[in-house]
Every structure is written in C-alpha cells, then in structure tokens.
2 protein chains.
Amino acid sequence: MPKTSSCENDPDNCLTQCIHPAAIRAVRAALPARSLLAELAEFYKLFGDGTRLRILAALSIAELCVCDLSTLLDMKQPAVSHQLRTLKQARIVKARREGKVIYYSLTDEHIRHVLRVGMEHLGEQYETTEAL
Amino acid sequence: MPKTSSCENDPDNCLTQCIHPAAIRAVRAALPARSLLAELAEFYKLFGDGTRLRILAALSIAELCVCDLSTLLDMKQPAVSHQLRTLKQARIVKARREGKVIYYSLTDEHIRHVLRVGMEHLGEQYETTEAL
DNA sequence: CATACATATGCATATATGTACATGTGAACA
DNA sequence: TGTTCACATGTACATATATGCATATGTATG
C-alpha cells in the first residue's frame with residue numbers, strides 16, 4: 001500500500017504516490033510564479049547564442065555602430081541588425097543616432113554584471129577576462 | 001574618396017570603408033576568444049528555457065527526486081529526465097542515488113548566484129523572491 | 001528469480017530560431 | 001530633389017531543440 005495517500009497523484013509520474021509530499025508543498029510555496037520564470041528564461045535566452053554574446057561582449061568594451069560590429073565580428077550586416085533589434089526590444093542594448101550612423105551600447109551596468117557572472121562560472125582556469 | 005582606406009574592407013558591410021577602425025582595433029584586442037564566448041553561450045542557453053528554469057528554481061529551494069519534480073511542475077517524467085540529463089552533463093545539477101530514488105540538486109552556490117542575478121535584472125518591481 | 005517501480009533512453013515530430021537574400025527606409029550632401 | 005550610404009525589415013529556409021510515446025535499465029523486495 002502507498003506510504004502517503006494524501007498527496008496529489010499523477011499516474012504518469014509515480015504510479016502509486018508522490019514520494020515526498022512535504023518537500024513538494026514546501027517548494028511549491030517558495031517557487032517563483034511560472035510566468036516570472038518564463039520571463040527570466042526569455043532574458044537568459046538572449047545570452048544563449050554565440051553571435052549575440054559576441055555582440056554583447058564587444059559592446060561591453062565600447063559603443064559601436066552596426067558597420068563596425070559587422071566588420072569586427074565578420075558577419076553580414078542584416079544579421080547584426082536582426083540581433084540588435086532583438087536585444088534592443090529586450091532593453092539589453094540601446095541605440096543612439098548620429099546622422100546616418102547608429103551607435104549601440106549596453107543599457108546599463110547590470111548587463112555587464114550578468115556577463116561577468118557567467119564568465120566567472122566558466123572557471124578560474126580561464127583567468128577572467130579583464131574586458132568584462 | 002574613403003576617409004580611412006587603411007582598414008580591412010568588407011563590401012558586404014560598409015561599402016567603402018569601416019567607420020571607426022581605431023575602435024575596432026581596440027575592441028578586437030580586448031574581446032574574449034570566440035570559442036570562450038561560444039562556451040559561455042552554451043551555458044546561458046541552459047537557463048533560457050522555461051521548463052529547465054523551473055527545475056533549477058525548484059532545486060535551488062530543495063533537493064528533489066525526479067518523481068517529485070514531475071509532480072511539482074506538472075510535467076511528464078521523461079521530459080523531466082531529459083532536461084535533468086542535459087543539466088547534469090553541463091554540471092549544473094548533480095545526482096545522488098538512494099535505492100531506487102535519485103535526488104537532484106544544484107552543483108554549487110554559483111548556479112544559485114546566476115539565478116539571483118537574473119532575477120534582479122527583471123527589476124525591483126518584482127521584489128526579488130526570497131527563494132533565490 | 002521474478003516482479004514492481006523509479007528513472008533513463010531512443011525515436012519521431014512539431015516548433016522555435018538564426019541566417020541569407022532581396023528590398024525598404026531615412027538621413028546627409030551635392 | 002535626387003543620389004548615396006548606413007541601417008532596417010520581410011520572407012524563406014535550414015537547423016536546433018523540447019516534448020511525447022514507447023521501451024530499456026537498474027534496484028529493491030517477496
């Protein structure tokens with residue numbers, strides 16, 4: 001017979017019972033809302049692409065225009081523009097127009113901080129890049 | 001005629017010249033290696049999915065087994081296992097076996113830190129969840 | 001040793017997403 | 001006002017990936 005019959009059962013998971021109902025209740029109470037975590041995932045997702053990360057790393061060093069970025073990163077201009085659009089919509093970068101040229105930069109120091117924390121995780125063996 | 005003819009030209013970007021060759025040189029010198037940034041992107045990518053993030057948020061509160069997770073998050077057991085496998089390969093979570101049950105937890109405090117930094121970025125309006 | 005159960009894995013598929021190509025937009029300048 | 005050039009956008013497509021289903025693995029137990 002089941003050890004704990006008083007918890008929500010889902011025959012797709014554990015056949016007869018959930019194993020630690022107390023733990024589940026505790027975690028459920030403290031777990032951030034699903035919608036909040038979804039929003040957070042969308043944020044992290046933007047850092048989860050090599051191209052975008054190279055753009056962000058470059059912008060963390062200096063303000064750059066689209067042309068500079070595409071030369072620097074050896075990318076087609078439309079590809080850079082598309083990524084910048086995504087990053088701008090997410091308020092990760094901001095744009096500043098000067099004549100025909102548009103300069104992009106990180107919106108705030110917080111973005112730089114996120115990059116730094118990730119770099120640190122890759123391990124001290126990489127000797128954290130001074131750029132970030 | 002071009003203002004600066006001494007810089008690497010890529011007709012796909014700026015037709016006649018790159019705009020700020022000095023800035024490009026400076027950034028190029030400080031930019032982390034492409035491979036390092038690719039590795040970093042792979043790391044962030046794992047946080048860029050709502051499901052995985054819910055798993056990580058749950059594990060940041062308590063050690064849990066697969067069955068608990070699938071009940072808690074209302075997911076099929078194989079889906080949870082698949083994500084846990086990915087997270088384990090990336091050393092973001094670790095597993096501990098106890099009989100038939102396998103308990104998962106975050107590998108270290110650094111992961112919790114990454115989650116916290118992301119939460120903070122979502123803005124103070126969310127009143128940073130005490131769970132993280 | 002056979003059964004039960006928690007978890008892992010293989011495979012198929014639907015969806016998401018990054019990039020290329022072509023074209024549109026907008027500002028400066030003659 | 002027409003041209004040039006930096007940048008943006010629309011569409012198409014190829015790839016990556018998250019999930020569901022079926023099934024395998026491994027451990028305890030009778």
Side-chain angles (χ1 to χ4, degrees), chain A residues 1-4 9-20 38 41-42 44-55 64-90 93 95-104, chain B residues 1-4 9-20 38 41-42 44-56 64-90 93-104:
Chain A
M1 71 181 74
K3 275 186 291 185
T4 56
N9 278 4
D10 182 351
D12 285 340
N13 309 340
C14 322
L15 289 179
T16 54
Q17 76 277 347
C18 50
I19 301 183
H20 307 93
E42 289 306 309
Y44 282 126
K45 194 175 293 182
L46 297 171
F47 293 79
D49 174 76
T51 298
R52 272 194 301 269
L53 213 48
R54 295 214 302 151
I55 292 176
L64 292 168
C65 67
V66 178
C67 176
D68 289 341
L69 278 170
S70 77
T71 299
L72 172 67
L73 304 178
D74 190 33
M75 292 174 58
K76 310 277 184 181
Q77 175 268 320
V80 176
S81 269
H82 273 132
Q83 299 299 352
L84 285 173
R85 181 174 190 262
T86 304
L87 292 170
K88 189 180 169 190
Q89 285 178 334
V93 304
R96 176 177 70 84
R97 177 156 220 149
E98 193 166 302
K100 284 183 292 191
V101 181
I102 299 183
Y103 295 93
Y104 283 89
Chain B
M1 70 179 71
K3 273 185 294 184
T4 57
N9 278 4
D10 182 350
D12 284 341
N13 309 337
C14 323
L15 290 178
T16 55
Q17 76 277 348
C18 49
I19 301 184
H20 307 94
E42 289 307 309
Y44 282 126
K45 195 176 292 182
L46 297 171
F47 292 78
D49 174 76
T51 297
R52 272 194 302 268
L53 213 48
R54 294 214 304 152
I55 291 176
L56 291 176
L64 292 168
C65 67
V66 178
C67 175
D68 289 342
L69 278 171
S70 75
T71 299
L72 172 67
L73 304 178
D74 191 32
M75 292 174 58
K76 310 278 183 178
Q77 176 268 322
V80 175
S81 269
H82 274 132
Q83 300 300 351
L84 285 172
R85 181 174 190 261
T86 304
L87 293 171
K88 188 180 171 189
Q89 284 177 334
V93 305
K94 60 176 191 278
R96 176 178 70 84
R97 177 156 223 148
E98 195 167 301
K100 283 182 293 189
V101 181
I102 300 183
Y103 295 94
Y104 282 90

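Order of the sequence lines sets the chain letters (A, B, ...), proteins ahead of strands, with each chain counted from 1. Remember, it's a predicted structure, so these values are computed and weren't measured experimentally.
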Value in whole Å for how far the [atom2] atom of [N] lies from [atom1] of [X]:
| X | N | atom1 | atom2 | result |
| --- | --- | --- | --- | --- |
| Arg97(B) | dA6(C) | CZ | C1' | 8 Å |
| Arg96(B) | dT7(C) | CZ | C1' | 15 Å |
| Lys88(A) | dC7(D) | NZ | P | 13 Å |
| Leu84(A) | dA6(D) | CG | P | 16 Å |
| Ile102(B) | dA8(C) | CD1 | C1' | 8 Å |
| Leu64(A) | dC7(D) | CG | C1' | 15 Å |
| Ile55(B) | dT7(C) | CD1 | C1' | 14 Å |

Practice prompt. Under the side-chain hydrogen bond (donor to acceptor under 3.5 Å, both in side chains) rule, collect the residues that match up with Arg54(A), sequence neighbours excluded.
Written response: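 Counting only residues at least two positions away or on another chain, Arg54(A) forms no side-chain hydrogen bond (donor to acceptor under 3.5 Å, both in side chains).
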
Practice prompt. Please identify each residue that fulfils side-chain hydrogen bond (donor to acceptor under 3.5 Å, both in side chains) with Ser81(A), with sequence neighbours left out.
Written response: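 Checked Ser81(A) against side-chain hydrogen bond (donor to acceptor under 3.5 Å, both in side chains); matches are Gln77(A).
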
Discussion item. Holding to ring-ring contact (aromatic ring centres under 6.0 Å, His included), I want the full list of residues that pass it with Tyr103(A), two or more places apart in sequence or in another chain.
Written reply: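 With neighbours one apart ignored, the set is His20(B).
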
Worksheet entry | For Phe47(B), all residues meeting ring-ring contact (aromatic ring centres under 6.0 Å, His included), sequence neighbours excluded |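 By the ring-ring contact (aromatic ring centres under 6.0 Å, His included) rule, Phe47(B) matches Tyr44(A), Phe43(B).
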
Worksheet entry | Under the salt bridge (Lys or Arg N to Asp or Glu O under 4.0 Å) test, residues paired with Arg85(A) that sit two or more places apart |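 With neighbours one apart ignored, the set is empty.
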
Practice prompt. For each nucleotide in nucleotides 16-22 of chain C, reading 5' to 3', give B when a protein heavy atom comes within less than 4.0 Å of its base, S when such contact involves only the sugar-phosphate, and - otherwise.
Written response: -SSSBBB

Worksheet item: Can you check whether Leu87(B) reaches Arg52(B) side chain to side chain, under 4.5 Å on heavy atoms?
Response: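 Side chain of Leu87(B) against side chain of Arg52(B), heavy atoms only: contact under 4.5 Å found.
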
Worksheet item: What does Tyr104(B) touch in the nucleic acid at a heavy-atom separation under 4.0 angstrom: a base, only the sugar-phosphate, or nothing?
Response: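 Counting heavy atoms under 4.0 Å across all strands, the contact made by Tyr104(B) is with sugar-phosphate only.
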
Item to complete: Consider the side chain of Lys100(A), meaning its heavy atoms from C-beta on, and name the nucleotide among dA6(D), dA8(C), dC7(D) that approaches it most closely.
Response: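 Of all the options, the side chain of Lys100(A) is nearest to dA6(D).
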
